[in-house]
Number of protein chains: 2
Amino acid sequence: MLRAVPRTTKLTPKTAKPAKRTKASPAQSTVAREDYLECILQLIQSKGLARAVDIATTLDIAQPSVTAMTQRLAAEGLLTYEKYRGITLTTEGEKLASAIIQRHQILTRLLRHFGLDEATIYRDVEGMEHHISRKTLDAFDALTAELDRSPALVTRLREAMA
Amino acid sequence: MLRAVPRTTKLTPKTAKPAKRTKASPAQSTVAREDYLECILQLIQSKGLARAVDIATTLDIAQPSVTAMTQRLAAEGLLTYEKYRGITLTTEGEKLASAIIQRHQILTRLLRHFGLDEATIYRDVEGMEHHISRKTLDAFDALTAELDRSPALVTRLREAMA
DNA sequence: CAAGAAAGTTAGACGCAACTAAAATCTATC
DNA sequence: GATAGATTTTAGTTGCGTCTAACTTTCTTG
């Protein structure tokens, strides 16, 4: 049997190439990473420090997973970490975490206008937050401001939903 | 060496336990699965059939990955599939796919009101769509209706964003 | 209708992010 | 200061969804 010549399919991607998964990208921001950063900064703000056991509890994840991710984030320069000692966010990590938390809050504020139960709000925000661009976020923020200042609009909205 | 905080912290898990990952759930709906279903139904609607090569091109994924996922979806009863022949959605699969496409459209319509570039709209919808509950979707839909009927509101919004 | 091209599949591997079990380290208390 | 208990880390797996290389089947076209 003759060997088939490599096919070289060279596909033309859909619309705008969705950032192909080259394995060569080092400190890429993923959902899990963002969840950890968000959680860590919140723990630091509320308790003064972020311990693995608390991160694990908050994210409902096993402790060894926290260690693993901590080491990844440290390798990427987002936090500093000394074995068996503490975790500290680097400047970059803290900046990132702040942005993540802010994004979370903008989304939560918007969803709260819809009269949904807190559990739904929380779940949806958790899900969406990692996938929203700055631009859309700005729009959501402006939208929230409009809803804040126009109770009539909110009322119409809720009636339409029922 | 810091270490000066009570040990028995016992945080209350954020809000509502985020659906622990038991491996025992069989036909769970994931992001990738939804992307495939959406793509398959759209291909069927636009070309009459969904071929692996087109799915691969549309999703910017290698062909063997399509075969693999196709087999998974078939095993879960969402589509029917005969080797080297075609793909058909089952009733359940089509229902699911329709819902996914509808959700996609609701989101797109909302984002279009914000005057963003199509690429951003597309990327954000792609990202968010898999994580939005029916309730929030209804709210977004109502919101879109309000924006449709109130150009003044849209104008205020866009000005606030600039 | 026979090649060759195109499409589909199998086989084997990888990266991410999770898990469990068990070892290492730290802390509090006696 | 020894030691029990809490916390953290290491080691070894797992599942999902992806990849490439190489094969098989189907389609197309002279």
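Throughout, a chain's letter reflects where its sequence line sits, starting with A, and its residues are numbered from 1. Everything numeric here is computed off the predicted structure, so don't read it as measured data. In what follows, every heavy atom counts, from backbone to side chain, and hydrogens, waters and symmetry copies are set aside.
- Within the 4.0 Å cut-off from OP1 or OP2 of D:dT10, not a single side-chain nitrogen or oxygen of A:T67 is found.
- Ion pair A:K135/B:D117 flagged as a salt bridge, since at least one NZ, NE, NH1 or NH2 atom sits closer than 4.0 Å to an Asp/Glu carboxylate oxygen.
- Rounded to an integer number of Å, the gap from B:E82 CD to C:dT9 P is 11 Å.
- Of the candidates A:L41, A:V66, A:I100, A:V66 is the only one forming a side-chain contact (heavy atoms from CB on, under 4.5 Å) with A:Y36.
- Heavy-atom nearest nucleotides on DNA chain D were determined for B:A68 and for A:Q71, and the one closer to the 5' end corresponds to A:Q71.
- For A:L59 and C:dC19, the CG to P distance is 10 Å, given to the nearest whole Å.
- What separates CD1 of B:I55 from P of C:dG8 is a distance of 8 Å, to the nearest Å.
- At D:dT26, none of the side-chain N or O atoms of B:K83 fall inside 4.0 Å of OP1 or OP2 (strictly under the cut-off).
- Protein atom CE of A:M69 is 12 Å distant from nucleotide atom C1' of C:dG15, rounded to whole Å.
- With sequence neighbours left out, B:R85 forms a salt bridge (Lys or Arg N to Asp or Glu O under 4.0 Å) with no residue at all.
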Pair up each side-chain donor or acceptor in residues 145-152 of chain B with any protein partner under 3.5 Å, not counting sequence neighbours, and list the distances.
unit_1: B:E146; atom_1: OE1; unit_2: A:R156; atom_2: NE; d: 3.1
unit_1: B:E146; atom_1: OE1; unit_2: A:R156; atom_2: NH2; d: 3.2
unit_1: B:E146; atom_1: OE2; unit_2: A:R156; atom_2: NE; d: 3.3
unit_1: B:E146; atom_1: OE2; unit_2: B:R149; atom_2: NH1; d: 2.7
unit_1: B:D148; atom_1: OD1; unit_2: B:H113; atom_2: NE2; d: 2.8
unit_1: B:S150; atom_1: OG; unit_2: B:L153; atom_2: N; d: 3.3

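- Summarising the geometry, the separation between CG on A:L73 and P on C:dA17 is reported as 9 Å, rounded to the nearest angstrom.
- Dashed line: the shortest gap from a side-chain N or O of A:T30 to OP1 or OP2 of C:dC16 is not under 4.0 Å.
- Separating the CG atom of A:D35 from the C1' atom of C:dA18 is a distance of 13 Å, rounded to the nearest angstrom.
- Side-chain nitrogen and oxygen atoms of B:S65 include none within less than 4.0 Å of the OP1 or OP2 phosphate oxygen of D:dG17.
- The interatomic distance linking B:E34 (CD) with D:dG17 (P) rounds to 11 Å, in whole Å.
- With B:T57 contributing its side chain and B:V53 its backbone, the two residues share a donor-acceptor pair below 3.5 Å.
- Side-chain N/O atoms of A:R33 include one lying less than 4.0 angstrom from OP1 or OP2 on C:dA17.
- Atom-to-atom, CZ of B:R85 to P of C:dG8 comes out at 12 Å; the value is rounded to the nearest Å.
- For the pair B:Y84 and A:A32, nearest-nucleotide mapping onto DNA chain C gives the more 5' position to B:Y84.
- The residue A:A52 sits close only to the backbone: its heavy atoms come under 4.0 Å of sugar-phosphate atoms, none of a base.
- Checking the phosphate oxygens (OP1, OP2) of C:dA18, a side-chain nitrogen or oxygen of A:Y36 falls inside 4.0 Å.
- Comparing B:Q63 and B:R72 by the nucleotide of DNA chain D that holds the closest heavy atom to each, the one mapping nearer the 5' end is B:R72.
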